[in-house]
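In what follows, a structure is listed as structure tokens, so that the remarks can point back to it.
Order of the sequence lines sets the chain letters (A, B, ...), proteins ahead of strands, with each chain counted from 1. Values below: every heavy atom of this structure, side chains too, minus hydrogens, waters and symmetry copies.
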Amino acid sequence: MISLPLNPEQREAVDHPEGALLVLAGAGSGKTRVLTARVARLIENGVAPEHILAVTFTNKAATEMRERIAELISHSIHGLWVGTFHSIAARLLRRESYHTSRDRWFTIYDKDDSARALKEVMEALGHDPKRWSPRAVQNRISSAKNSLVEADQYASSAFDVLSSVVADVYPAYETMLNRRNAYDFDDLLLECVKLLEGTTDVADRYASQFIHVLVDEYQDTNHAQYRMVKAFAARHRNLCVVGDDDQSIYAWRGADLNNILDFERDFEGAHVVRLERNYRSTRSILEVANAVIECNVGRKPKRLRTEREMGHPVQVVHCADERQEASWVASEIERLLTTYRVNNFAILYRTNAQSRAFEEAFRRQGLPYRIVGGVPFYERREIKDVLAYLRLVVNRSDDAAFQRAIIWPRRGVGTKSLKRLAALAMQQQRPLFEMACQVDGLDGISKVACRGLRRFTEGCEALRALLPTLTAKEALESCIETFGLASALSEEEDGADRLENVSELLATTAIFVRESVEDADPEASDLELYLQSAALRTDLDEQDFDSEAITFMTLHNAKGLEFPIVFLTGLEEGLFPLTRALESEGGLEEERRLFYVGVTRAMDLLALSYVDQRWRAGMQSHSIPSSFLGELPAEHLSKRVVGRSRQGRSQSRKQLRGSFRGSPSIGLSHAVPGGASFSWHRETLQRAEGSARDGGQEDGEVRYDYGDSQVPLELSPGARIVHPQFGLGEIVKIYGVGQEMKAEIDFEKVGRKKVLVVHAELRPA
DNA sequence: TTCCCTCGTATTTTT
DNA sequence: TACGAGGGAA
């Protein structure tokens with residue numbers, strides 16, 4: 001039997017025999033445990049693995065679930081269907097390609113590919129992409145697809161000028177994707193639903209196969225996903241969904257909260273289990289979380305409980321600007337490192353752009369960090385370029401891949417030849433690749449370009465012939481070799497990094513081959529699976545959270561994770577809640593749920609920070625504290641001010657007053673609570689006392705002077721520095737900014753060199 | 001054709 | 001700030 005400790009509610013959910021089951025699982029209540037235990041229990045009870053389908057949102061969740069189930073039981077789980085909505089949809093579309101308009105070698109377009117395709121379509125139809133941004137059109141089409149509105153139906157729902165453009169573009173875009181044998185992200189779901197609802201024998205086959213269907217994070221399902229689930233569970237009606245309406249944070253992407261709110265009405269006789277025992281956070285943290293979420297109206301009432309101790313109060317930290325915020329967090333972490341490990345910390349923020357200040361501060365202090373999200377690995381230029389070759393070899397109709405590959409490395413084919421080729425292809429309704437194969441003698445294309453194209457297509461064809469004998473890794477290596485991609489990269493300015501990324505890609509490809517052997521879909525080739533996973537993989541899946549580093553990420557990425565210590569930063573009105581997000585209906589409640597998600601990530605210690613001034617979009621902006629801060633129970637908070645920016649202070653004080661006026665839950669005269677349990681801040685307090693003497697305290701707030709202890713490394717021509725390998729040198733020139741910043745340096749021993757400042761670890765001489 | 005520079009603009013979250 | 005697009009020069 002399964003040896004997994006479960007509380008009574010968890011057990012009820014795991015043991016519930018048949019029919020519809022809704023598990024309302026609060027944050028940290030052991031929802032993954034329930035899901036995995038339930039699948040394990042089903043298998044132990046004799047349900048064959050291939051009759052069970054478990055759907056998640058992220059690859060990471062899917063992998064984890066598979067592993068945990070395997071650990072729990074002695075049976076083999078071979079044949080079990082575990083995957084994300086998108087990967088399962090892709091798998092179905094591949095298996096059933098006979099019933100669809102594409103063949104099984106279809107390409108999956110990511111956002112970038114599809115935006116480019118849209119731009120092309122818009123230009124062809126005479127819609128100026130500058131007047132209507134392809135991104136906006138893309139969003140419209142995306143939400144249409146998520147609501148299962150197809151191209152031909154869209155026109156009837158057009159209600160403004162943009163939507164009339166979309167109504168025009170959408171069908172042409174669909175035609176283009178079809179011609180290219182490609183699906184975009186949303187198509188996977190839409191086409192899968194069409195397949196299931198429109199093809200009786202396919203629907204029957206899957207509906208009878210899946211005796212049990214389980215869905216994780218049900219609150220994040222959109223309409224297409226909902227219909228997918230419904231179709232899968234149509235026959236046996238053993239549907240178990242797990243979710244938390246309070247953690248629904250993807251409404252902007254089409255998630256429909258009503259899916260979970262209406263579940264009981266939707267599946268009559270559904271049994272409901274509530275998991276309200278939290279095993280993660282201290283009471284202080286939970287009280288704050290509960291107070292936050294209770295401000296929302298549209299939710300199922302519930303309240304998290306914990307048996308943990310009160311713990312430290314939640315810190316509310318006021319800084320002058322984002323640099324000080326970052327420095328404070330860094331120094332706080334440094335101090336806590338005596339009792340915690342670096343991977344116990346997470347820094348969360350609303351927008352990716354906020355990571356920069358933290359990167360700088362952490363680099364300065366020599367603290368290791370990892371950024372989850374940002375520029376995802378699979379969206380890096382070199383990675384997309386290399387993969388484009390493989391995509392094109394596999395699917396010759398993939399014009400997006402063709403355009404990418406032909407441009408780089410340079411081979412005498414420029415925009416002019418490409419335009420000409422595209423015009424001819426358009427005229428004859430044929431893929432670019434085919435056009436390029438017979439380019440000789442076509443007018444408008446130079447001799448040089450012809451030669452380049454010929455060598456290119458011949459290379460592709462030669463590779464294509466070899467393909468059946470190659471593993472994914474070998475195929476990728478052949479691409480790199482045939483087209484001299486590695487040497488082309490190494491000639492580029494920052495080629496070393498890019499080359500490294502490509503080797504990393506090869507390494508993950510090698511690992512992939514091993515994993516895919518275990519994958520339950522025996523019909524799919526190694527390469528098909530590889531390209532699919534490369535298209536659907538996200539940054540989150542690549543992260544190794546065990547490695548020794550502090551994690552930086554957006555709140556969205558943090559869902560489902562937990563950390564002993566969490567810094568939730570940038571709590572300013574306009575940034576969090578984000579103004580843009582407030583424009584949509586229910587926006588504020590969704591932002592609040594996001595805040596709730598952030599708060600509930602913390603196990604032991606939580607700090608919330610906000611600043612007076614912040615650089616946003618190249619402009620210095622003043623901000624007032626987030627209205628969320630006014631919703632917190634004062635008895636579980638401790639407040640402090642960091643830094644001593646002169647104007648910043650007087651100004652912020654006014655803003656603080658204004659912002660909190662009329663909110664009784666937080667008082668400015670509120671001093672440090674918590675008495676004895678304040679060891680976290682002992683050192684802070686001592687320093688604060690010191691500064692209180694010379695600087696003075698106002699309103700009972702604890703002041704902590706960060707002061708000028710940080711001397712930033714001066715990087716300007718003439719400055720003398722030390723490089724760990726090259727030794728002493730003098731800076732000649734600085735160019736580039738941020739990550740890209742490079743320094744040209746005259747070294748005493750090794751002469752003049754260019755180094756990437758990010759990696760160089762320069763110190764003042 | 002390609003490279004480089006300048007200019008303009010857009011800046012949320014992402015399976 | 002930061003990236004892409006577009007223009008101009010080699």
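- Ring stacking is absent between A/Tyr250 and B/dT13, as the pair misses the limits of under 5.5 Å between centres and under 30 degrees between planes.
- Checking the phosphate oxygens (OP1, OP2) of C/dA2, a side-chain nitrogen or oxygen of A/Arg356 falls inside 4.0 Å.
- B/dT12 atom P lies 16 Å from atom CD of A/Glu572, rounded to whole Å.
- Comparing B/dT13 with C/dG4, their P atoms are spaced 16 Å from each other, to the whole Å.
- Distance A/Asn139 CG to B/dT12 C1': 11 Å, rounded to the nearest Å.
- Atom pair A/Lys119:NZ and C/dC3:P shows a separation of 18 Å (rounding to whole Å applied).
- Atom CG of A/Asn222 is separated from atom P of B/dT13 by 20 Å (rounded to the nearest Å).
- Looking at A/Arg350, its side chain comes within 3.5 Å of the base of B/dT13 through a donor and an acceptor atom.
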* Structure fact -> Per-nt protein contacts along nucleotides 1-8 of chain B (heavy atom under 4.0 Å; B base, S backbone sugar-phosphate only, - none) come out as SSS-----

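- Shown here are the ring pair (Phe, Tyr, Trp, His ring centres under 6.0 Å) partners of A/Trp132, two or more places apart in sequence or in another chain: there are none.
- Aromatic ring centroids of A/Phe358 and A/Tyr369 lie 6.0 Å or more apart.
- Counting only N and O atoms by type, the side chains of A/Gln403 and A/Glu120 include a donor and acceptor under 3.5 Å apart.
- We find that A/Arg593 and A/Glu590 are joined by a salt bridge, their nearest charged nitrogen and carboxylate oxygen being less than 4.0 Å apart.
- Rounded to a whole Å, the CD atom of A/Glu590 is 12 Å from the C1' atom of B/dT14.
- If you measure from atom CZ of A/Arg614 to atom C1' of B/dT11, you get 15 Å, rounded to the nearest angstrom.
- Ranking C/dA5, B/dT12, C/dA2 by closeness to the A/Thr351 side chain, first place goes to B/dT12.
- At B/dT14, one or more side-chain N or O atoms of A/Thr554 fall inside 4.0 Å of OP1 or OP2 (strictly under the cut-off).
- Summarising the geometry, the separation between CE on A/Met122 and P on C/dA5 is reported as 13 Å, rounded to the nearest angstrom.
- Partner A/Arg404 forms a salt bridge (charged side-chain N to carboxylate O under 4.0 Å, His left out) with one of A/Asp112, A/Asp110, A/Asp398 and no other, that one being A/Asp112.
- Under 4.0 angstrom from either OP1 or OP2 of B/dT13 there lies at least one side-chain N or O belonging to A/Asn352.
- In this structure, the ring of A/Tyr349 has its center no less than 6.0 angstrom from the ring center of A/Phe576.
- Atom CD of A/Gln225 is separated from atom P of B/dT14 by 16 Å (rounded to the nearest Å).
- Residues A/Tyr610 and A/Phe628 keep their aromatic ring centres 6.0 Å or farther apart.
- The side chain of A/Asn557 contributes no N or O atom lying less than 4.0 Å from OP1 or OP2 of B/dT13.
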